[in-house]
Amino acid sequence: MESLFTYLALALDTLPEAGRIMLLCGLLAVALYGLARVNGTGGLDLLYRKGALVALIAVPALVYVTHLQMPVHADDVVPLRTAIPTYVTYGFVVVWLLGAVWFAVGLYRTWKNTLTRIPTVENAAALADKAGMPARVEHWCRRLNLHTRVVLVPGGADSAWHTFTGLNKVVVVVPAASLNWPVGVVDVMLLQQLAQVKQRSWPWLLFARWVRVLYWPMPWVAEIVRQLEYLLVEPALSLAASAYRDPEGWRRDLRQYQQRSNTLAPVPNRVLHMTLPGAIEPETAAQSDDGDDPASFEQGWARTKLRLRDKYASPYEQAYWLIAVASVAVGMATTLTIVKKPPEFEPEFLQDKWRDGMVRRIREFDEPAPKNAVSNKEPPRTVVSGVEQEVGE
């Protein structure tokens with residue numbers, strides 16, 4: 001195992017820093033996508049994909065800024081001297097830069113195209129006010145505790161969609177036919193968009209698109225982004241349904257809204273603005289109570305596992321540990337470097353001469369004195385009335 005790390009560190013030392021960062025990004029994207037394929041369902045899906053996209057930017061940036069390296073100690077190891085990895089790395093960097101610029105320009109054009117698709121209907125505010133939509137928007141904004149400025153624009157669309165035109169300004173485009181819809185159907189339409197605004201779905205979508213631009217050579221990152229775009233709508237629907245405070249009325253009005261939306265003409269090239277991923281029919285069929293049905297048994301077992309997971313584990317904690325383990329493992333594997341092993345420490349006694357001399361003196365004092373030896377010790381003295389006298393006088 002030690003030799004494996006040594007050879008891996010020797011190979012990584014032949015790469016420049018840009019090559020290490022590109023290798024780190026590639027392996028991290030593969031690891032995060034692999035974990036996304038095997039993790040659970042429910043809230044963990046959305047949390048994990050948000051955290052994975054943040055990690056794809058934060059981890060390489062942290063390694064690049066801190067120049068993080070994991071030393072591998074070795075002695076008598078000859079480093080590899082070759083310039084081929086450097087040339088290959090710079091070639092990949094040039095290709096990546098050209099592709100990133102190309103896709104960034106395409107994303108910018110898509111965003112501008114989205115802004116130009118906002119209908120400029122004359123007296124749009126008057127039309128919306130006539131239908132009572134601004135009052136409904138204010139009501140649902142108070143219900144959702146949303147303090148963002150919302151501008152309603154009626155126009156041709158098969159369903160409502162929204163986009164941010166500023167830090168605190170959102171434009172919601174609603175179908176022109178919705179001016180004549182019942183109040184309940186209008187409330188369902190507005191609640192879906194306002195719930196997405198509350199959960200910052202559009203900024204997350206824009207951030208995910210920029211991550212896809214930076215990781216354009218890796219199709220699995222684009223797959224994570226595509227999954228995120230679909231999953232962003234689900235919690236918004238749950239939030240909208242809870243804010244409606246009428247489950248039966250919500251299902252009825254949602255069904256009517258979907259039926260009316262399906263009769264409208266679709267808007268072509270909807271790329272960047274947030275819309276629902278198709279019609280989502282409310283659950284109307286009663287679940288079978290037959291315990292012998294394999295499908296019902298598997299569904300019940302899956303629901304049981306989800307309840308146990310939600311009871312004993314936090315989705316935030318699960319997503320954090322999955323991303324942390326993948327980031328640490330990939331970071332350690334791509335930052336190895338060879339460091340010369342220091343000499344082994346051999347403890348030595350200090351002041352050997354002093355030790356030898358002290359041992360000899362101890363031995364001399366331990367030896368008994370000869371009988372005829374003259375003692376150099378003076379007799380003990382005592383003090384009597386301020387005058388020293390020898391003992392025995």
Side-chain angles (χ1 to χ4, degrees), residues 40-51 53-54 133-152 157 159-164 167-175 178 181-208 225-258 260-261 272-284 303 306-307 309-311 314-319:
T41 58
L44 181 59
D45 274 349
L46 181 60
L47 292 173
Y48 177 80
R49 282 160 180 80
K50 285 183 176 181
L53 293 177
V54 173
M133 287 188 180
R136 304 307 301 168
V137 169
E138 293 180 2
H139 169 72
W140 294 121
C141 284
R142 288 194 299 269
R143 182 71 63 83
L144 294 172
N145 195 22
L146 181 63
H147 304 287
T148 305
R149 180 187 175 190
V150 180
V151 179
L152 282 174
S159 61
W161 58 274
H162 74 276
T163 181
F164 277 69
L167 295 177
N168 199 33
K169 181 180 178 182
V170 179
V171 175
V172 178
V173 180
V174 297
S178 63
W181 288 354
V183 177
V185 180
V186 172
D187 287 342
V188 169
M189 175 186 64
L190 295 177
L191 258 178
Q192 289 181 355
Q193 302 305 315
L194 295 178
Q196 294 181 38
V197 174
K198 176 65 176 179
Q199 295 186 340
R200 312 293 292 181
S201 298
W202 196 89
W204 272 108
L205 172 60
L206 185 61
F207 172 73
V225 174
R226 187 195 65 79
Q227 295 171 0
L228 178 69
E229 294 175 4
Y230 182 85
L231 294 171
L232 281 172
V233 185
E234 296 181 1
L237 286 175
S238 300
L239 178 61
S242 62
Y244 202 79
R245 297 181 182 177
D246 183 6
E248 188 63 30
W250 170 262
R251 287 192 291 268
R252 181 187 65 250
D253 294 334
L254 177 61
R255 188 183 301 107
Q256 294 181 8
Y257 168 66
Q258 292 167 348
R260 292 173 183 270
S261 299
L272 193 57
H273 50 265
M274 295 293 300
T275 57
L276 291 175
I280 301 178
E281 296 292 340
E283 297 181 359
T284 55
R303 289 193 297 268
L306 288 177
R307 286 195 299 268
R309 189 197 64 188
D310 295 338
K311 180 179 180 180
S314 172
Y316 291 94
E317 185 177 354
Q318 294 182 38

Any chance you could measure [X], atom [atom1], to [Y], atom [atom2], to the nearest 0.5 Å?
{"X": "Tyr244", "Y": "Asp253", "atom1": "OH", "atom2": "CG", "answer": "3.5 Å"}
{"X": "His162", "Y": "Trp202", "atom1": "NE2", "atom2": "CH2", "answer": "8.5 Å"}
{"X": "His147", "Y": "Asn145", "atom1": "NE2", "atom2": "CG", "answer": "4.0 Å"}
{"X": "Ser238", "Y": "Gln199", "atom1": "OG", "atom2": "CD", "answer": "8.5 Å"}

Sequence neighbours excluded, which residues qualify as salt bridge (charged side-chain N to carboxylate O under 4.0 Å, His left out) partners of Arg149?
->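 Here no residue qualifies.
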Go through the structure and list residues passing side chain to side chain contact (heavy atoms under 4.5 Å, CB included) with [X], not counting sequence neighbours.
{"X": "Ala241", "value": "Trp250"}
{"X": "Gln227", "value": "Arg49, Glu223"}
{"X": "Asn168", "value": "Thr148"}

Any side-chain heavy-atom pair from [X] and [Y] closer than 4.5 angstrom?
{"X": "Leu190", "Y": "Val174", "answer": "yes"}
{"X": "Leu232", "Y": "Lys50", "answer": "yes"}
{"X": "Leu228", "Y": "Leu46", "answer": "yes"}
{"X": "Arg260", "Y": "Pro175", "answer": "no"}

Could you tell me which non-hydrogen atom of Ala208 sits nearest to which non-hydrogen atom of Val225, and how far apart they are?
->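 For Ala208 and Val225, the tightest heavy-atom pair comes out as O-CG2, 3.5 Å.
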Pairs touching residues 184-196 that satisfy salt bridge (Lys or Arg N to Asp or Glu O under 4.0 Å), sequence neighbours left out |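 Qualifying pairs: Arg136-Asp187.
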Sequence neighbours excluded, every pair satisfying salt bridge (Lys or Arg N to Asp or Glu O under 4.0 Å) that has a member inside residues 189-199 =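 Pairs touching residues 189-199 that pass the test: none.
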Test side chain to side chain contact (heavy atoms under 4.5 Å, CB included) applied to Met189 and Leu191, step by step | CA-CA 6 Å; Met189 175 186 64; Leu191 258 178; over 6 Å; no
Before giving the answer on side chain to side chain contact (heavy atoms under 4.5 Å, CB included), spell out for Val197 and Phe164 the whole-Å C-alpha distance, their side-chain angles and the decisive distance to 0.1 Å.
-> CA-CA 9 Å; Val197 174; Phe164 277 69; 4.1 Å; yes
Take Cys141 and Leu194 through the side chain to side chain contact (heavy atoms under 4.5 Å, CB included) test and state the conclusion after the steps.
-> CA-CA 7 Å; Cys141 284; Leu194 295 178; 4.2 Å; yes
Taking the inter-plane angle between the rings of Tyr257 and Trp181 on a 0 to 90° scale, is it parallel (under 30°), tilted (30 to 60°) or perpendicular (over 60°)?
->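 Ring orientation, 0 to 90° scale: perpendicular.
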